[in-house]
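Letters A, B, ... mirror the listed sequences (proteins, then strands); counts begin at 1. Side-chain atoms are counted along with the backbone in the values below, which use heavy atoms only and exclude waters and symmetry mates.
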Amino acid sequence: MDFSDLLIQTLINGILIGGLYGVMTLGFSVIWGVMGVINLAHGEFLMLGAYMAWVLNKQQGWEPFLTLLVILPVMFLLGYVIQIVLINRIIEKPHLIALLVTYGLAIVMASTVKLIYTANPRITTTQFSGYWEFDFGGFVLPVTKTLVLIAALLMMFGLYFFLNRTRFGKSIRAAAQNKEAARMVGIEINKVYAATFGICIALTGAAGMLLSPLGSIHPFMGAAWTLKAFAITAMAGLGNIPGALLGGMMLGLVENLLATFVPTVGSSVGIISSFALLVIVLVTRPQGLFGGLKAPQEIR
Amino acid sequence: MGRKILDLIRAIIFNRWVLAAIVVLLFLMPSLFYAREWCQELDAFTSPLQDSVCTYLIEEKPVTNAVLLNFTQLFILIILASNWNLTGGFTGYIDFGHAVFFGLGGFATALLMGSSRWEDWPALFSDWSFWPAMLGAGIVAAIFALLIGSFTLRLKGPYFSIAMLGTLVATREIVRASSNISGGGLGLSLPVYLNRPMFYYLSLVMLLFVVNFVRWIRSTEFGSSLVAIREDEVGAEMRGINTTLNKITVFCISAFLTGLVGGMWAYMNTFLDADIAFNQNRTIDMVMMTMLGGLGTVAGPVIGSTILYWLRDVLWANFLLFHQIFEGILLIIIVLFVPEGIMGLLDKDSSGTSLNRIVKGWFKKEPEEHPRTS
């Protein structure tokens, strides 16, 4: 395989993984945009979804993509309850409180999962594996990654449709733009918040399932994914769905290019590149690259 | 009534004689350790007093290496929490990656003391003795803080917190990846030096220095400008405070002290790798202990660390498997229900620190309370 073939194959892989990054970011970005809460337990919710997929796959023998039918409602309920019990109390308080509470939540979730399933890395096995080869140029499309991209795009489109075309989605956007005015026109803010949190957690859990056949999952993988979600959100703007997709693909491309063409960095490249991207974007364009529900500067 | 009890507790804690007695006792404690060693070397006891004291020391073992190590670890935690409090509490920049300076200090000490696994490591920077190596660790941490802080300290609020968390995670990965210097998964081993009383005294002296230093900083104009930055950064800038310079200065000071402690810890531990040195839990410890004691107070980190260290010991001894879960729940409870910390509770409507006046006040007739009109 010569250089241009390698480059094109790397770009394909970057775009395929970018869809996963995009859908993984949405939950984080919408929660931040609507409630002003930075959810440091985001990566742990992802991990929870991945572990649910793994349990159903290994112990019940389900196809991983089918487990979405269970993961989405269960994670929605979990998010709804956590919002009512915990997050509602801290929305009005300074951001430090929300950071610390969600950090505490992250510790509890990670150590509970470690207690039950030990810290061994796990992976789910899907029937849709192998490669689709093309006659021209000899490029290959990994089947699992392509399915993940399709599922991610479907979920993103679903959320986009929900937020922009349905009545409830409009009330969520109204609550994000002006809480007082939304309350005045009769929107029940607490219910809207709880449903938003539930939907975002359900999406995050689903993204965890999409991740489970691609790479190993373990109880302490959360922090790295929270950081990636933060980097992409900072690039895309809060609650900006096409922006999240673009940002995710950008991160995927950067990661894959670095991993292919810079030797010796190996597996740690993802975290370093997302960190570098984060700092560069934050320092040069603090309002985000594409704009969103709100400029991040307005959030206090 | 509750207020009176809190006042009494506060007055006792801050009484200068009580504080002096605690410090003297802490300084004298290792002497029991040495006395036991001296007793063990004696062939026969010459007097009944000596007999009873030595029998007690040898059989009961009141101060062992383990006790000294426990105290040293507590002192290290207090120093770290006090350092974190300089940026997190006074300046209001919540740093989720402060452990990066601790880890860098540890690695710098290890490398300067000549434990590098790389043949091309410059000879000038190896085989140093401990003291210059520890100083070098502080300087390395401060330089790193200058480099990283001049970018990240321009970010506001949560952006700073996450950027620092990113710094910690990325630094850990970079250190782990550069395995010919850091040893990668094998880690580095330092020259073995197992003199527990030495480390105990070193950390005690550093603890006294750091706490008094933080108190001194709070009393200077520089300290006031830091608090002004926390309360209203734009306002502080308009009053002519060079906010960026002040933030970077305090960040570097805090990183320098954290690096020193990291160097001492590495030498005490005699082994380190990327996961131990850049442990995320250390940052959580700093945040939790300062929050529990009271953010932005001098005594807060000391009280918070002591209580949490003791509590963790109890949890560890009784619920080994669940202690991490309990810790997370504890963090949530502290933040939700006592966000101002123990010092905040003690300071609210307090009637001063003079023990004398407080005790006298108990015997005076209380003035009738008038309902407040507003």
Can you give me the closest heavy-atom contact between B:Phe101 and B:Ala141, atom names plus distance? CD2-O, 3.8 Å
Taking every heavy-atom pair that is under 4.5 Å apart, which of A:Thr226, A:Val108, A:Leu86 has the most such pairs with chain B? A:Val108
Against chain A, label B:Ile329 side chain, backbone, both or neither, depending on which of its atoms sit under 4.5 Å from a heavy atom there. both
Report, in residue-number order, which members of residues 290-311 of chain B are under 4.5 Å from chain A by heavy-atom distance. B:Met291, B:Leu295
Within the distance-only criterion (no hydrogens, no angle test), does the side chain of B:Thr258 pair as donor or acceptor with the backbone N or O of B:Ser254 below 3.5 angstrom? yes
Given B:Thr171, B:Val287, B:Thr167, B:Ile334, the one with more heavy-atom pairs under 4.5 angstrom with chain A than any other is B:Thr167
Who passes side chain to side chain donor-acceptor pair (under 3.5 Å) against B:Arg176, sequence neighbours left out? B:Glu173, B:Asp275
Using atom types as modelled and distance alone, determine if a side-chain donor or acceptor of B:Asp273 lies under 3.5 Å from a backbone N or O of B:Ile276. yes
Is it true that a side-chain atom of A:His42 and a backbone atom of A:Met24 form a donor plus acceptor pair closer than 3.5 Å? yes
Given side chains that start at C-beta, do those of A:Thr102 and A:Ile38 come closer than 4.5 Å, heavy atoms only? no
Between B:Val335, B:Leu331, B:Leu165, which shows the greatest number of heavy-atom pairs under 4.5 Å with chain A? B:Val335
Could you check whether any side-chain heavy atom of A:Val113 comes within less than 4.5 Å of a side-chain heavy atom of A:Leu48, counting everything from C-beta outward? yes
Is chain B contacted by the side chain of A:Leu40, its backbone, both, or neither, given a heavy-atom distance below 4.5 Å? side chain
Mark yes or no for whether B:Arg282, through its side chain, and B:Phe278, through its backbone, hold a donor-acceptor pair below 3.5 Å. no
Which bit of B:Phe322 comes within less than 4.5 Å of chain A, counting heavy atoms only: side chain, backbone, both or neither? side chain
Contacting region of A:Ile90 [heavy-atom separation from chain B under 4.5 Å]: side chain
Separation between CZ of B:Phe151 and CG of B:Leu146, rounded to the nearest 0.5 Å: 10.5 Å
With distance as the sole criterion, is a donor-acceptor pair present between the side chains of B:Asn246 and B:Ser225 under 3.5 Å? yes
Let me know if B:Ser161 has heavy atoms under 4.5 Å from chain A in its side chain, its backbone, both or neither. side chain
Pick one of side chain, backbone, both or neither for A:Ile97, based on which atoms fall under 4.5 Å of a heavy atom in chain B. both
Winner by heavy-atom pair count (cut-off under 4.5 Å) against chain A, out of B:Gly92, B:Gly328, B:Ala163: B:Gly328
Apply side-chain contact (heavy atoms from CB on, under 4.5 Å) to B:Ala142 and list each qualifying residue two or more places apart in sequence or on a separate chain. B:Phe256
Need one label for B:Ile333: side chain, backbone, both or neither, based on atoms under 4.5 Å from any heavy atom in chain A. neither
Student check: side-chain heavy atoms of A:Lys179 and A:Ile189 closer than 4.5 Å: yes
Residue by residue, scan residues 226-238 of chain B and write down, ordered by number, those that have a heavy-atom distance under 4.5 Å to chain A; if none do, write 'none'. none
Within the 4.5 Å heavy-atom criterion, are B:Leu168 and B:Phe96 side-chain neighbours or not? no
Any donor and acceptor pair, going by atom type alone, linking the side chain of B:Trp84 with main-chain N or O of B:Asp95 inside 3.5 Å? yes
Are B:Phe90 and B:Val214 side-chain neighbours, meaning at least one heavy-atom pair lies under 4.5 Å? yes
